[in-house]
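Each ligand, and each atom within it, is numbered from 1 in the order the structure gives. Since the model is a prediction, treat every value here as computed from it, not as a measurement.
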Amino acid sequence: MSPESILIVEDEPALLRGLKDNLTAKGFGVLTAADGEAGLQLALDRKPDLILLDIMLPKINGYEVCRLIRKEGLDTPVIMLTAKGEESDVVLGLEIGADDYITKPFSVRELLARVNALLRRRREGETRVHEFGGFRLEADSRKLLRDGKEVPLTPKEFEVLELLARNGGRALSRDDILRKVWGYNVFVTTRSVDRCINTLRAKIEKDPRDPVFIKTVREVGYRFEG
Ligand code: CA
């Protein structure tokens with residue numbers, strides 16, 4: 001397995017170098033950028049496994065970088081690096097899609113704990129297998145099997161089913177599903193979500209009009225039960 005890669009976007013040279021050295025020593029592949037524009041470009045081109053993102057950056061600030069990354073549909077975990085006194089801005093960072101934050105100055109040990117927690121969560125999410133009824137949904141091979149035989153799904157059907165199964169028991173709004181599966185594409189509406197759910201039900205439910213796995217949550221969206 002190739003090492004997990006971490007992109008550091010930070011304009012303080014000493015901090016950037018220190019982080020790079022420490023993470024490299026821990027076996028991570030490290031990419032660095034000293035401004036928001038370069039950071040955004042690297043994030044989109046190289047798709048790192050995790051991003052450490054400073055807020056106050058030249059060219060494009062950290063919030064904007066985070067927002068644009070999410071807009072492009074990347075769900076890469078993002079840890080915001082905030083300065084003391086910027087804590088009130090953390091809420092904004094989390095609202096636009098950052099996963100965690102750490103306040104400067106921080107210890108390497110503290111940072112590594114956060115990094116490893118997010119990477120572990122990501123790995124578990126990716127390798128998880130969901131079993132329901134006679135079905136087996138494999139996130140890593142992107143296959144749905146019924147009694148060992150593959151049930152052909154379109155990529156979007158797979159992603160919707162996987163998202164629902166991963167959040168089993170939780171009601172997900174149509175907007176949530178749309179944003180996570182289709183990204184921020186202005187040409188797609190929540191009708192696409194409903195259409196996808198209908199074709200999925202036709203493939204997995206015994207009676208699509210009385211579904212047991214993908215339940216409709218009135219005026220909200222859908223909930224997976226399995
Ligand atoms: Ca800065």
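Remark: Lys203 pairs with Glu157 by the salt bridge (charged side-chain N to carboxylate O under 4.0 Å, His left out) rule, at least two apart or across chains.
Two residues are said to be in side-chain contact when any heavy atoms from C-beta on lie closer than 4.5 Å; Val108 and Leu23 fail this criterion.
For the pair Glu10 and Lys104, the salt-bridge criterion is met [side-chain N within less than 4.0 Å of a carboxylate O]. In this structure, Glu159 pairs ionically with Arg142, as a charged nitrogen and a carboxylate oxygen lie closer than 4.0 Å.
Aromatic ring pairs are classed by plane angle as parallel below 30°, tilted from 30° to 60° and perpendicular above 60°; the pair Phe213 and Phe224 is parallel.
Side-chain N/O atoms of Tyr222 and Asp176 include no donor and acceptor closer than 3.5 Å.
For the Ca ion (ligand 1), protein N, O or S atoms under 3.0 Å: 3 in total.
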